[in-house]
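Order of the sequence lines fixes the chain letters, A, B, ..., with proteins taken first and strands second; residue numbering starts at 1 for each chain. Every value quoted in this text rests on a predicted model; they were computed, and no experiment measured them.
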Protein chains: 2
Amino acid sequence: MTRAKTVKRRRASRGSGDQLRAEIIAATKDLLAASANSDAVSIRAVADAVGVTPPSIYLHFADKDELISAVVVDVFAELDAAMMAAGKRADGPLDRLRAFGLAYVRFAVGHPEHYRVATMERCVDEAPGGQSDMDKILADSAFTHFMQTVTACMAAGIFADGDPLPVTLQLWSAAHGIASLMIAKPYLPWGDLEVAADAVLCAAALGRATADLLGGSPDAGQVTSWLREQGAPT
Amino acid sequence: MTRAKTVKRRRASRGSGDQLRAEIIAATKDLLAASANSDAVSIRAVADAVGVTPPSIYLHFADKDELISAVVVDVFAELDAAMMAAGKRADGPLDRLRAFGLAYVRFAVGHPEHYRVATMERCVDEAPGGQSDMDKILADSAFTHFMQTVTACMAAGIFADGDPLPVTLQLWSAAHGIASLMIAKPYLPWGDLEVAADAVLCAAALGRATADLLGGSPDAGQVTSWLREQGAPT
DNA sequence: TGTACATCAGTGAACGCGCGTTCACTGATGTAC
DNA sequence: TGTACATCAGTGAACGCGCGTTCACTGATGTAC
């Protein structure tokens, strides 16, 4: 059932080398969506899907790692776009934070293999180059937009004033936790995914806010007695 | 620098076939610790590390998948043991929950590749067999011990009474989120890993408790006005 | 307008490699007599 | 106690495969004259 070569034929062009590049990235994403990890997607399969021979790939990417990196960049851009779209109709910074988180989880669950390769595969370099990686992530639109909203929540008195970075990391952890667990263990009794995700996200934000009320990082004893004050059932 | 075959020699034995089996699992774990994923650990490398020829592996495991599954079982057992040890000296159920969570994150950060293969690799079967997988996880010691402690927290009035399962999943998500993000993005500015993990875990538990106080799943408006009542800064 | 030619996107064939798995075998172990 | 023999853990060689990457090439494109 191999596609005859004549069915899809690639034509040359002159100035527009970028078109094939985009097609290669798109094909890689498609193949990735049906694979366990990026190792399982081969240059040959990508070339085949695009209707081109394997060496052509190397005209656009130095090697396989560079191709996968380009896919990751593309996935993060798509994720950011989904979050931005969801945040548009939010009412206030806390509601926007929630919309962002829900969009984040929705994206991950909807594109599990893309999310996996973008956030869960071992990084290529652990050398000093890691620093530039960090800059890349911190400058990444999705993360930045998330952090801007955390800053807005601080300004609105929802979180205590301070450095938004640790709070952002904390909330991102919550979103990533529910997203990646739903992907990795889909057979667990999650119930409605949106409801479960919302519960985690709300609890994370509310927990941060409440911990701030209690002075930052209360221990178990403080929490227990505070809950008793609040009239929690015993 | 290949080890001469005579340096490590395997002797036969009769009744004790299980010894080699255990050595194979241990060697696989060692190799996994230095690899990107289970695909990157080969049967040949495992055999070599154990001092045996590749076909010998098949005397103990039907195929590579079965070997990896055995490793995952072993990793979960080790994780459970670490959690139990940490929970022993806890003071009350909430404190135990925190000790469990911290031990969980510590284990993940200390054995990132083991944690990754156990919780983040694509499951082998998505067929009806998935149901038995679910049972396996729910019956898994670490998860069960976690859930028992959640039940104890409900009995102590810390969480609202009800089904402990969704609450357990929610708290597990928090622990998994911070653990897996620290592993995947170690170059992010986490500061002290224990402190960052503790902040996430505390916020998750406190958030769940507070949300219960507010009736289960408050929306942004309710949270904002409740915070204002509590005298949060504006 | 018409032709020669430089450019360069894409080709076809091949490289060497390491993989999971199989097969018929060997030879130490431990039991039956 | 001594010997013949069944057992079965582990071997050695090979299978077919798909991989990433390379190399010298081809032939359409578009420009120079």
For [X] and [N], give me the distance from atom [atom1] to atom [atom2], rounded to whole Å.
X       : N      : atom1 : atom2 : answer
A/His60 : C/dA9  : NE2   : C1'   : 7 Å
B/Glu66 : C/dT21 : CD    : C1'   : 14 Å
A/Asp63 : D/dT22 : CG    : C1'   : 14 Å
A/Phe61 : D/dT21 : CZ    : P     : 13 Å
B/Leu59 : C/dT21 : CG    : C1'   : 13 Å
B/Leu20 : D/dT11 : CG    : C1'   : 13 Å
B/Tyr58 : C/dT22 : OH    : C1'   : 9 Å
B/Ile57 : D/dT11 : CD1   : P     : 10 Å

Point to revise | B/Ile178/B/Trp190 under side-chain contact (heavy atoms from CB on, under 4.5 Å): CA gap, chis, key distance, verdict | key: CA-CA 10 Å; B/Ile178 186 73; B/Trp190 296 109; 3.7 Å; yes

Exercise for review: Could you check whether B/Ser42 gets within reach of a base, just the sugar-phosphate, or nothing at all, counting any heavy atom under 4.0 Å?
Suggested key: sugar-phosphate

Check your understanding: Looking across every strand, which nucleic acid part, if any, lies under 4.0 Å from A/Val41 by heavy atom: base, sugar-phosphate, or nothing?
Key -> sugar-phosphate

Revision key, fill the gap. Of A/Val71, A/Val75, A/Thr119, A/Leu79, the one forming a side-chain contact (heavy atoms from CB on, under 4.5 Å) with A/His114 is A/Val75

If [N] has a Watson-Crick or G-U wobble mate with both distances under 3.5 Å, name it; if not, just say none.
N      : answer
C/dG20 : D/dC15
C/dT31 : D/dA4
D/dC25 : C/dG10

Check your understanding: Can the ring centroids of B/Phe76 and B/Phe107 be said to lie less than 6.0 angstrom from one another?
Key -> no

Check your understanding: Of all the nucleotides listed (C/dT21, D/dT21, D/dT11), which has the minimum atom distance to the side chain of B/Pro55?
Key -> D/dT11

Check your understanding: Is there a donor on the side chain of B/Arg44 or the base of C/dG18 sitting less than 3.5 Å from an acceptor on the other?
Key -> no

Check your understanding: Do the side chains of A/Ser35 and A/Glu113 get nearer than 4.5 Å, heavy atoms only?
Key -> no

**Study point:** Comparing A/Ala62 and A/Ala40 on DNA chain D - which has the more 5′ nearest nucleotide
**Key:** A/Ala40

Review point. Would you say C/dT11 has OP1 or OP2 under 4.0 Å from some side-chain N or O of A/Thr53?
Key: yes

Check your understanding: Is the B/His176 ring parallel, tilted or perpendicular to the A/His176 ring (thresholds 30°, 60°)?
Key -> parallel

